[in-house]
Novice: 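There's a structure below that I have some questions on.
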Amino acid sequence: MQQQLTDIRERMIVALDFSTLDEVKKCIDPLQGHIRYVKVGMELAYAEGPAIVSFLKEKGLNVFLDLKVHDIPNTAKGAMRSLARLGADMVNVHAAGGVTMMAAAREGLEQGTAAGAARPLLIGVTMLTSTGLQTMNEELAIPGAVEDVVVHYAMMTKQAGLDGVVASPLEVPMIKKAAGDAFVTVTPGIRPLGADQGDQTRITTPEQAFRLGSDFIVIGRAITGAKDPVGVWESIVAAVEKDRS
C-alpha cells in the first residue's frame, strides 16, 4: 500500500473532530483541493450517522472511519459487515479484543464488501496515544513497557490477517522491524512544531513521523482549529517535503 502513495498529501489524514455537518462543511470547504484524506471519529459518526461518509466521498475524499470496534467476535464480524457497505477506505478495531475477534472482523469486512470492489483497509488500534506508562501499568493493569505491549498487539493484529495498526510514530520502527515494512502504520499524536500538545503524550512532528516510517499520519486540531487552515496545511506539506528531499 505505502509504495503506491507517492504524493505526501495522500498520506496525511485530517481528523474531523466535530459533531455537526455544518462544522464539517465550514472546515473542509476552504481545504477542498488541498486535502485528500479525512478521519471520521465517534463524535461525528454518532451525530450524523452513515450519511457523513457518503457526503465526504462525494467531495472526492478518502475516509478513515475511526470507530474502534471492540466486542465479542460475532458482533465485531457483523459490525464490520455493515461498515463495509458505507464506502469508507479504512476502518479499525481494538487489538485488545484479541486475535479471534480481529479475524472475525476481517471476515465480516470481506463479506460486506461489494463484489469487484476493494475492501477497506482494516487496522488494529494498539495503545491510545493518550496512554502513558503509568496509566497502562497502574490503571489498565498491563505490566511492562508501552513499546513492548504495542509491538505485541501489532503481531497479534498481523496474525489475525489485518493490514496494519494505529500506534504512536515513536513505535513505528519497532513495529516495522517485527511485522515487516509492508505492514501499514497509521499514526495519530502528530503536532507541528509549536502546536499545543493537548491530551496526547506520545507525540512527534509530521516530519519526524514520516522519518520514523509512518505510512499515514493523522492531524486534527492543528489544522481544523487554525485561523488559516490552508496556510497551516501547506506549511506542513512543505516542511515534510523539504525534510524528505
Side-chain angles (χ1 to χ4, degrees), residues 1-3 5-17 31 34-39 41 62 64 66 68 90 92 94-95 121 123-136 144-155 157 163-226 229 231-245:
M1 164 59 68
Q2 62 271 34
Q3 290 84 355
L5 298 170
T6 56
D7 189 335
I8 201 68
R9 296 170 191 267
E10 296 179 14
R11 299 171 57 187
M12 295 170 58
I13 304 174
V14 176
L16 301 178
D17 294 325
L31 288 164
H34 296 271
I35 62 175
R36 311 278 175 79
Y37 220 128
V38 294
K39 180 174 81 71
N62 289 336
F64 169 20
D66 178 23
K68 300 181 179 72
M90 186 189 299
N92 60 2
H94 263 297
L121 282 175
I123 56 178
V125 178
T126 55
M127 193 65 64
L128 299 176
T129 50
S130 60
T131 302
L133 179 63
Q134 183 176 358
T135 298
M136 189 187 79
V146 172
E147 296 81 2
D148 293 338
V149 175
V150 167
V151 171
H152 176 70
Y153 280 173
M155 295 310 292
T157 303
D163 302 296
V165 291
V166 179
S168 162
L170 298 170
E171 291 128 20
V172 168
M174 292 173 281
I175 292 169
K176 293 286 189 178
K177 182 178 180 181
D181 288 339
F183 197 63
V184 175
T185 51
V186 181
T187 58
I190 305 298
R191 294 289 185 271
L193 198 62
D196 178 43
Q197 181 171 326
D199 56 1
Q200 309 279 13
T201 60
R202 305 190 331 274
I203 63 174
T204 72
T205 66
E207 303 96 292
Q208 290 170 328
F210 282 124
R211 209 180 303 146
L212 288 166
S214 296
D215 295 297
F216 296 90
I217 66 172
V218 180
I219 308 176
R221 285 163 280 189
I223 301 293
T224 60
V232 173
W233 171 263
E234 291 299 334
S235 70
I236 293 172
V237 172
V240 170
E241 290 180 337
K242 180 180 179 182
D243 189 69
R244 289 165 58 85
S245 64

Novice: Roughly how far, to the nearest 0.5 Å, is the CD1 atom of Ile35 from the CG atom of Leu31?
Specialist: 5.0 Å

Novice: Do Val165 and Tyr153 touch side chain to side chain, with heavy atoms closer than 4.5 Å?
Specialist: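 Answer no - side chains too far apart.
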
Novice: Mark yes or no for whether Ser214, through its side chain, and Pro169, through its backbone, hold a donor-acceptor pair below 3.5 Å.
Specialist: no

Novice: Considering only heavy atoms from C-beta outward, does the side chain of Lys39 approach that of Asp17 to under 4.5 Å?
Specialist: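 A side-chain contact under 4.5 Å exists here.
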
Novice: Give a yes or no on whether the backbone of Thr131 and the side-chain of Thr135 come within a donor-acceptor separation of less than 3.5 Å.
Specialist: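 Flag not set: sc Thr135 to bb Thr131 has no pair under 3.5 Å.
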
Novice: Do you know the tightest heavy-atom contact between Thr126 and Ala154?
Specialist: CG2-N, 4.2 Å

Novice: Say whether, by atom type as modelled, one donor and one acceptor occur between the side chain of Glu10 and the main chain of Asp7 under 3.5 angstrom.
Specialist: no

Novice: What's the shortest heavy-atom distance between Val146 and Gly132, and which atoms?
Specialist: CG2-C, 4.1 Å

Novice: Is a donor on one side and an acceptor on the other found under 3.5 Å between the side chain of Lys68 and the backbone of Asn92?
Specialist: no

Novice: Quick one: does Met12's side chain get under 4.5 Å of Ile236's, heavy atoms only?
Specialist: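 SC-SC contact between Met12 and Ile236 confirmed.
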
Novice: So does His34 have more than 12 non-hydrogen atoms from other groups sitting under 6.0 Å from NE2?
Specialist: yes

Novice: What is the distance from atom CD of Glu147 to atom CD1 of Ile175, rounded to the nearest 0.5 Å?
Specialist: 10.5 Å

Novice: Looking only at atom types and distance, does a side-chain atom of Asp163 sit under 3.5 Å from a main-chain N or O of Ile123, one as donor and one as acceptor?
Specialist: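 Such a contact is absent between Asp163 side chain and Ile123 backbone.
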
Novice: For Pro206 versus Ile217, what's the shortest heavy-atom pair and its separation?
Specialist: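 Shortest heavy-atom separation between Pro206 and Ile217 comes out as CB-CD1, 3.7 Å.
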
Novice: CZ of Arg11 to CG of Asn62: how many Å apart, nearest 0.5 Å?
Specialist: 14.0 Å

Novice: How long is the gap from CZ on Phe210 to CD1 on Ile190, to the nearest 0.5 Å?
Specialist: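 If we round to the nearest 0.5 Å, Phe210:CZ and Ile190:CD1 are 8.0 Å apart.
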
Novice: Heavy atoms only: give me the nearest Val240-Ile8 pair and the separation to one decimal.
Specialist: CG1-CG1, 3.6 Å

Novice: Identify the two heavy atoms, one from Asp215 and one from Thr185, that lie closest to each other, and give their separation to 0.1 Å.
Specialist: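 Scanning both residues completely, I find the closest heavy atoms to be OD2-N, 2.8 Å.
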
Novice: Applying salt bridge (charged side-chain N to carboxylate O under 4.0 Å, His left out), can you list everything that pairs with Asp148, at least two apart in sequence or on another chain?
Specialist: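 For Asp148, no residue satisfies salt bridge (charged side-chain N to carboxylate O under 4.0 Å, His left out) once neighbours in sequence are set aside.
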
Novice: Would you say the side chain of Val186 lies within less than 4.5 Å of the side chain of Phe64, judging by non-hydrogen atoms?
Specialist: yes

Novice: Could you tell me which residues satisfy salt bridge (charged side-chain N to carboxylate O under 4.0 Å, His left out) with Glu234, sequence neighbours excluded, listed by chain and number?
Specialist: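 Checked Glu234 against salt bridge (charged side-chain N to carboxylate O under 4.0 Å, His left out); matches are Arg9.
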
Novice: Over all heavy atoms of both residues, which pair between Asp181 and Lys176 is shortest? Give the atoms and the distance, please.
Specialist: O-NZ, 2.9 Å

Novice: Is it the case that the side chain of Thr187 and the backbone of Ser168 share a donor-acceptor pair, with hydrogens and angles ignored and the cut-off at 3.5 Å?
Specialist: no

Novice: Whether the side chain of Thr157 engages the backbone of Gly164 through a donor-acceptor N/O pair (distance < 3.5 Å, no angle test) should be reported.
Specialist: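 Absent.
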
Novice: Measuring from atom CD of Glu207 to atom CD of Glu241, what distance do you get when rounded to the nearest 0.5 angstrom?
Specialist: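 Going from CD on Glu207 over to CD on Glu241, the span is 11.5 Å.
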
